[in-house]
Amino acid sequence: MSEDSSEQAKKQRRKELLEPTGIKELFKEGSIRVNEHTCEGVQCKFCIKACPTNALYWSNGKINVIEDLCVYCGACVLNCMVDDCIKVERKREDGSVERFSKPKDVVRLSEKINAKKRSGRVQAIFPTIERYCQRAEGDSEAGWRTK
Ligand code: SF4
Ligand code: SF4
């Protein structure tokens with residue numbers, strides 16, 4: 001099987017597995033690693049409970065990952081009690097790469113993404129400061145004329 005067709009087959013397999021979960025894939029590609037030496041698995045397993053796609057399971061005394069089910073959302077990292085135990089790397093459609101392995105990394109990253117979205121929404125209304133000023137000037141002139 002060529003590299004292209006095996007990639008296609010992987011994509012199709014992921015699509016079929018993820019469809020029933022209703023979770024959308026937001027990232028082009030990614031990877032996840034769990035360090036079995038630092039994991040507190042027996043007392044913890046928070047990551048398993050947090051995973052929205054059931055990509056994690058406990059077997060043979062360790063956390064295992066079904067890579068085809070992982071959408072690299074970071075919920076497991078956010079809920080892990082051990083820093084750097086789970087490492088996630090993901091690539092966006094625009095080619096940018098995000099890596100995180102601590103809850104605070106995930107929080108920081110989502111704050112950054114939310115700030116970017118907020119700024120995008122503001123820019124959609126007032127694309128530039130000049131346009132904002134023009135609009136404000138127009139409004140005040142209109143108000144002046146009605147008096
Ligand atoms: S990154 Fe998200 S989908 Fe992947 S194992 Fe962790 S919680 Fe599950
Ligand atoms: S949340 Fe972290 S420490 Fe707990 S079982 Fe999962 S990987 Fe191990």
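Order of appearance sets the numbers: ligands from 1, and atoms from 1 within every ligand. Only heavy atoms go into these numbers, but all of them, side chains included; no hydrogens, no water, no symmetry mates.
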- Task: Would you indicate whether the side-chain heavy atoms of Ile63 and Cys76 approach each other to under 4.5 Å?
- Result: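 No. Closest side-chain heavy atoms not under 4.5 Å.
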Does ligand 1 have a heavy atom under 4.0 Å from the side chain of [X], from its backbone, from both, or from neither?
| X | answer |
| --- | --- |
| Val77 | neither |
| Pro52 | side chain |
| Thr53 | side chain |
| Ile86 | neither |

Minimum-distance protein heavy atom relative to [atom]:
| atom | result |
| --- | --- |
| atom 4 (Fe) of ligand 2 | Cys44 SG, 2.2 Å |
| atom 8 (Fe) of ligand 2 | Cys39 SG, 2.3 Å |
| atom 6 (Fe) of ligand 2 | Cys47 SG, 2.3 Å |
| atom 2 (Fe) of ligand 2 | Cys80 SG, 2.3 Å |
| atom 3 (S) of ligand 2 | Glu40 N, 3.3 Å |
| atom 5 (S) of ligand 2 | Lys45 N, 3.3 Å |

- Query: Using a heavy-atom cut-off of under 4.0 Å, does the side chain or the backbone of Leu56 touch ligand 2, or both, or neither?
  - Reply: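 None of Leu56 does.
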- Is ligand 2 under 4.0 Å from a heavy atom in the side chain of Cys85, in the backbone, in both, or in neither?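 Answer for Cys85: side chain.
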Examine distances only and state if a side-chain atom of [X] and a backbone atom of [Y] form a donor-acceptor pair shorter than 3.5 Å.
| X | Y | answer |
| --- | --- | --- |
| Tyr72 | Arg90 | no |
| Thr21 | Thr53 | no |
| Asn64 | Lys62 | yes |

- Atom OG in Ser119, atom CG in Asn114: separation rounded to 0.5 Å?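 Ser119 OG to Asn114 CG: 12.0 Å, rounded to 0.5 Å.
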- Query: For the atom pair CG (Asp105) and OG (Ser110), what is the distance rounded to the nearest 0.5 Å?
  - Reply: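 Reported value, rounded in 0.5 Å steps: 10.5 Å.
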- Item | Heavy-atom closest pair, residues Pro103 and Val77 |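 For Pro103 and Val77, the tightest heavy-atom pair comes out as CG-O, 3.5 Å.
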- Query: Closest approach of Val71 and Arg14, non-hydrogen atoms and distance?
  - Reply: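 Heavy atoms only, the tightest pair is CA-NH2, 4.2 Å.
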- Identify, by atom number and element, the atoms of ligand 2 in contact range of Ile63, meaning under 4.0 Å from any of its heavy atoms.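 Once the distances to Ile63 are compared, the set is 5 (S).
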- Are Lys28 and Glu93 close enough for a salt bridge, meaning some N to O gap below 4.0 Å?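 No, no charged N to carboxylate O under 4.0 Å.
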Hey, which atoms in ligand 1 end up nearer than 4.0 Å to a heavy atom of [X]?
| X | result |
| --- | --- |
| Cys51 | 3 (S), 5 (S), 7 (S), 8 (Fe) |
| Ile32 | 5 (S), 6 (Fe) |
| Tyr72 | 1 (S), 4 (Fe) |
| Val71 | 3 (S), 4 (Fe) |

- Message: Tell me whether Asp94 at atom CG has more than 12 heavy atoms from other residues, nucleotides or ligands lying less than 6.0 Å away.
- Response: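 Enclosed: over 12 neighbouring heavy atoms sit under 6.0 Å from CG of Asp94.
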- Without hydrogens or angle criteria, can the side chains of Gln12 and Glu16 be said to hold a donor-acceptor pair below 3.5 Å?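 On atom types as modelled, these side chains qualify, holding a pair under 3.5 Å.
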- Judged by non-hydrogen atoms, does Gly74 sit under 4.0 Å from ligand 1?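 True for this residue.
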- Message: I'd like to know: is atom 4 (Fe) of ligand 1 within the 2.8 Å range of an N/O/S atom from Cys70, strictly under that distance?
- Response: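 Within the cut-off used here (under 2.8 Å), Cys70 does place an N, O or S atom near atom 4 (Fe) of ligand 1.
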